[in-house]
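All heavy atoms count here, side chains included; hydrogens, waters and symmetry mates do not.
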Amino acid sequence: MLKYSKFAIVGGVGFIADASVYGILSYGFSVTGFEIDPLITRVVAFWFAASVTWLGNRYFTFSNIAFSHRRDEVLGQFMKHMTSAHFSGILNIASFYFLLAHTGEAYAFVIGVLVGTVTNYFLSSKMVFVR
């Protein structure tokens, strides 16, 4: 359970990174009159947050695993992580979308996040952060 707790902490930091970058790109630039398309802003914020969580999980959550520092292996692990993050994000949003039609928005949001988190943890522990 300790590893999952660390994973959740890293996810929380990733959420803060995501929201911060999204806020800066969405609202920070609009003050100056420069606007970025919301979809582009969302994608950039997601990729930044996914990169933050990769670093956090590599050096905090799964720090007991001796990872290679070879450039090609590090890049391969990063790409696996991004694939896992995107797949988990799709399941998160799909769950939200499906449940939204049958339940309340808050319930759909929480369940979507849980589905995405559990999926991402499983993929991370079995596919991304392995020797």
(message) I'd like to know if the side chain of Thr53 and the backbone of Ala50 have a donor-acceptor N/O pair within less than 3.5 Å.
(response) yes

(request) Would you check if Tyr59 and Val10 make a side-chain contact, meaning some heavy-atom pair closer than 4.5 Å? (result) no

(request) Can you see which heavy atom on Asn120 is nearest to which on Ala85, and at what distance? (result) OD1-N, 4.0 Å

(request) Could you pull out the closest heavy-atom pair between Glu105 and Leu100, with the gap in Å? (result) CA-CD1, 3.7 Å

(request) Determine, using the 4.5 Å side-chain heavy-atom cutoff (strictly less than), whether Phe87 and Ile93 are members of one ILVMFWY cluster. (result) no

(message) Let me check something: do Phe46 and Val113 share a hydrophobic cluster, defined by ILVMFWY side-chain heavy atoms less than 4.5 Å apart, either directly or through other members?
(response) no

(message) Is there a path of hydrophobic side-chain contacts, each under 4.5 Å between heavy atoms of I/L/V/M/F/W/Y residues, joining Val118 to Met127?
(response) yes

(message) Just verifying a value: how many Å separate Leu114 CG and Phe109 CZ, rounded to the nearest 0.5 Å?
(response) 10.0 Å

(message) Parallel, tilted or perpendicular: which one describes the rings of Phe62 and Phe129, with boundaries at 30° and 60°?
(response) parallel

(request) First locate atom OG1 of Thr119, then atom CG of Leu91, and finally report the distance between them rounded to the nearest 0.5 Å. (result) 5.0 Å

(message) Between Phe67 and Glu73, does the side-chain contact (heavy atoms from CB on, under 4.5 Å) criterion hold? Intermediate values first, please.
(response) CA-CA 9 Å; Phe67 294 120; Glu73 291 180 12; over 6 Å; no

(request) Look at the side chain of Ser84 and the backbone N and O of Lys80, then say whether any donor-acceptor pair between them is shorter than 3.5 Å. (result) no

(request) Give a yes or no answer on whether the side chain of Ser125 reaches the backbone of Phe122 with a donor-acceptor pair at less than 3.5 Å. (result) yes

(message) For His102 and Phe98, take the angle between the two ring planes, folded into 0 to 90°, and tell me which bin it lands in: parallel under 30, tilted 30 to 60, perpendicular over 60.
(response) tilted

(message) Within a 6.0 Å radius of atom CZ on Phe48, are there more than 12 heavy atoms belonging to other residues, nucleotides or ligands?
(response) no

(request) Report the distance from atom OG of Ser124 to atom CH2 of Trp54, rounding to the nearest 0.5 Å. (result) 12.5 Å

(request) With side-chain contact (heavy atoms from CB on, under 4.5 Å) as the test, would you mind laying out the steps for Asn57 and Tyr121 before giving the verdict? (result) CA-CA 10 Å; Asn57 285 321; Tyr121 179 77; over 6 Å; no

(request) Would you kindly confirm whether Ile9 and Leu55 end up in one hydrophobic cluster when ILVMFWY residues are joined by side chain heavy atoms under 4.5 Å apart? (result) no

(request) With rounding to the nearest 0.5 Å, note down the distance linking OG in Ser51 to CE in Met82. (result) 4.5 Å

(request) Consider only side-chain heavy atoms of I, L, V, M, F, W and Y, link residues closer than 4.5 Å, and tell whether Val115 and Val128 are in one cluster. (result) no

(request) Compare every heavy atom of Asp18 with every heavy atom of Ala49, then report the nearest pair and how far apart it is. (result) CB-CB, 3.5 Å

(message) For the CG atom of Asp72 and the CE atom of Met79, what is their distance to the nearest 0.5 Å?
(response) 13.5 Å

(message) Is it the case that the side chain of Ser63 and the backbone of Phe60 share a donor-acceptor pair, with hydrogens and angles ignored and the cut-off at 3.5 Å?
(response) yes

(message) Are more than 12 heavy atoms, taken from residues, nucleotides or ligands other than Phe78, located less than 6.0 Å from that residue's CZ atom?
(response) yes

(message) Contact between Gln77 and Val130 at the side-chain level, heavy atoms closer than 4.5 Å - yes or no?
(response) no

(message) Quick check for you: to the nearest 0.5 Å, what is the distance between Leu2 atom CG and Thr61 atom OG1?
(response) 9.0 Å

